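It should be emphasised that the depicted structure is a prediction, and the values quoted were computed from it without experimental measurement.
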Number of protein chains: 2
Amino acid sequence: MSDTTLKKISQVLGISISTVSRALKDHPDISAATKKKVLELADTLEYEPNATAVNLRTKKTKLFGLMVPSVTNMFYDSFISAIEEESRKTGYSLLILQSNDNPEAEVENLKLCRQNRVSGLFACYSFETNNLAAFDKVKAADIPLIFFDKVPDQTDYNKICLADKEAAVMAAEALQKKNKKNILAIFGSRQLSITKRRLESFTASFDKKKNAALHIEHAHSTSLAEDITLQYFQKLDKPDAVFCMSDEILMGAMKSLMRLGISIPGDTGVIALSDGSIPKLYYPEIAFVETSGYNLGKLAFKRMSECLNGDKEIHEDLVPSRLVEGGSL
Amino acid sequence: MSDTTLKKISQVLGISISTVSRALKDHPDISAATKKKVLELADTLEYEPNATAVNLRTKKTKLFGLMVPSVTNMFYDSFISAIEEESRKTGYSLLILQSNDNPEAEVENLKLCRQNRVSGLFACYSFETNNLAAFDKVKAADIPLIFFDKVPDQTDYNKICLADKEAAVMAAEALQKKNKKNILAIFGSRQLSITKRRLESFTASFDKKKNAALHIEHAHSTSLAEDITLQYFQKLDKPDAVFCMSDEILMGAMKSLMRLGISIPGDTGVIALSDGSIPKLYYPEIAFVETSGYNLGKLAFKRMSECLNGDKEIHEDLVPSRLVEGGSL
DNA sequence: ATTATTTTCGCAAACGTTTGAAGCAAATTT
DNA sequence: AAATTTGCTTCAAACGTTTGCGAAAATAAT
């Protein structure tokens, strides 16, 4: 039974509850003899401290909230994975919440976080929401809030982002180094700030003198990326390289390339921004600039720890990228 | 501030705590007038009930534990996603735990579940653990336990599994219908019961008279599946079909097929057991027998609800499969 | 006007911990 | 021998709710 409480132990042993409590946490006040007795009984009775009682008494919970748009997304998975690892190390548990890019679910989730008195919250900024009020409520409740990946523009929030600009530049440079002249570049939804950043620095870093043709397209879904790619490679003047801003886009593009029997890197080169799991599915493996959800998670957690230690400053941190060659360029 | 409590509201309004509590939950004892007052003040003070206090008092938590080997796995993701959706609908939250196939992390996680007094636990049986003692502890604590996907052999646990046998048979029949005669069939780790079930019914359902050659192989990882496939397709007598027991295996097999330029379905057919996300990456899309983590999750949650409603019976439920044609056979 | 009934509310205990302060022996110092 | 210290233990309050029960006030029935 898990209905073993301090009280029960104390009654069996004929000592007070407080003594039991202190004995269990190895308090110096308690004699070795009683400590031993208590520990042993607690063991045989399979005592487990009641977390809710502890939380209530100490006004702290060893609990983090973590809200993602969707859990069925490799990027967020690896983020979650990183947070979970670190959380467990430090004795915290994770409350996972999905917003499904749905504003109502989002405020519902945030309410849950407040009710559960989470010690901190990692959240993604669902772009359908231009309503930060619900987030401000958690801030007002003194819950450290860290936005990751998709973050609001406002400056008064902690943010951990991928080094989008840097990554886009690395991809652009890799393409130029290979002397690509006719590039299909597929980006995500226009309204995402992440798209804007990547798009800007990508285009900007092309050397005008080398006048490569850049075909900029936007796809908000895998299948749209597939269509776009199909279209471009059915033309006579086929691109000699494809740049994909994300895994979702890469998946679509690759499907069309496979369909048309385009050989990589013979007929065309491919490079993507990705965390790597998708690029490694293909042969040759697709070159990618790593945008690691895992590293993002590690950094976010680090920032959270600092916040928990009383750091009230507002930071915006970036996770560095690196180019992973894959034989596709 | 989230430090608004019933007490505070009661003081401001000059009424008792219990009245406030009852007013907030629309108790018939309370007059409409005071209800209105209370509701309004609670609103402006942004009152949120303290979940830990509620839990302590009611001895219930609106919290489920969910332990998976790893969160970076599309199958488990869709499972998690399903559970999360249903949980939120019913006002529950989700504690996510990763075991990483590590027995120590597993017992640690189970302890966390007990300490947090979760109302129920969904768990995967990490095959490295032949130690069910930790699970028995949560059962002893009267926490409904539902194993999913990988489950122990013992009969005294609730289990929700994929209809492995059925699925394997469907795949075998699909292969025979296409008259495949030289089949490479790659299965997962031998020690997994899931492998045993799939392997048995797969082989058994082949019609002996048609004497198709079956090459049974085992791969516990993607890269091993890749190697095996490479090996078989470098022979003169190439298989005319590949069967992959899981997504991990499919990914490896496909990589080698791409590498060798084997055309699908021209040179060889491919079929897999999968939840579908991976097969849809390729062109043509790979035929698969659906083993949906999402449906598994929905069913597991249904079972959990029953348990919570006092159903003490032990069930073993199966999620039905269906064949999804994909142009790869 | 008295009793009975309903409506509305408050008291107080309980859930299982933690923790400052106080109690009380025995041991040590003056 | 009195005073102080030390070592161990207990008391009691508090965290924020929920809830059975009783009480007062308002309404209805006699």
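Here the P atom of nucleotide C:dT19 and the CG atom of A:Leu24 are 14 Å apart, to the nearest Å. With rounding to whole Å, B:Lys25 atom NZ is found 13 Å from D:dG20 atom P. One atom, CG of A:Asp26, and another, P of D:dC8, lie 13 Å apart when rounded to the nearest Å. In this structure, CD of A:Gln115 is placed 15 Å from P of D:dG16, rounded to the nearest angstrom. Rounded to whole Å, atom C1' of C:dG16 lies 13 Å from atom NZ of A:Lys8. In this structure, A:Asp29 atom CG and D:dT10 atom P are separated by 12 Å, rounded to whole Å. For the pair A:Leu45 CG and C:dG16 P, the computed distance is 14 Å after rounding to whole Å. Atoms CG (B:Asn50) and P (D:dA14) sit 17 Å apart, rounded to a whole Å.
A:Leu56 comes within contact range of at least one nucleobase, with a heavy-atom separation under 4.0 Å. Within 4.0 Å of A:Thr34, counting heavy atoms only, lie sugar-phosphate atoms of the nucleic acid but no base atom.
Contact annotation: A:Thr19 reaches the phosphate of D:dT10 (side-chain N/O to OP1 or OP2, under 4.0 Å). Residue B:Ser31 places at least one side-chain N or O closer than 4.0 Å to OP1 or OP2 of C:dC9. Of the side-chain N and O atoms in B:Thr58, none sit less than 4.0 angstrom from OP1 or OP2 of C:dC15. One finds no side-chain N or O of B:Lys59 lying less than 4.0 angstrom from the OP1 or OP2 phosphate oxygen of C:dA14. Proximity of A:Thr5 to the phosphate of C:dG16: no side-chain N or O atom is located under 4.0 Å from OP1 or OP2.
Between B:Ala123 and B:Leu145, the shortest heavy-atom distance links the atoms CB-CD1, 4.2 Å.
Contact of A:Ser18 with D:dC11 (side chain to base): a donor-acceptor pair of N or O atoms is detected under 3.5 Å. Contact annotation: side chain of B:Arg22 to base of C:dT8, donor-acceptor pair absent below 3.5 Å.
Checked against the 6.0 Å centroid threshold, B:Phe64 and B:Phe301 count as a close aromatic pair.
Both tests hold for A:Lys139 against A:Tyr157: distance to the six-membered ring centre under 6.0 Å, angle to the ring axis within 45°.
No hydrogens or angles considered: a donor-acceptor pair under 3.5 Å links the side chains of B:Tyr294 and B:Glu85.
Comparing B:Ala53 and A:His27 by the nucleotide of DNA chain D that holds the closest heavy atom to each, the one mapping nearer the 5' end is A:His27.
Closest approach to the B:Lys7 side chain among D:dC15, C:dG16, C:dC9 is made by D:dC15 (side chain taken as heavy atoms from C-beta onward).
With respect to the salt-bridge test (charged N to carboxylate O, under 4.0 angstrom), the residues A:Glu48 and B:Arg117 do not qualify.
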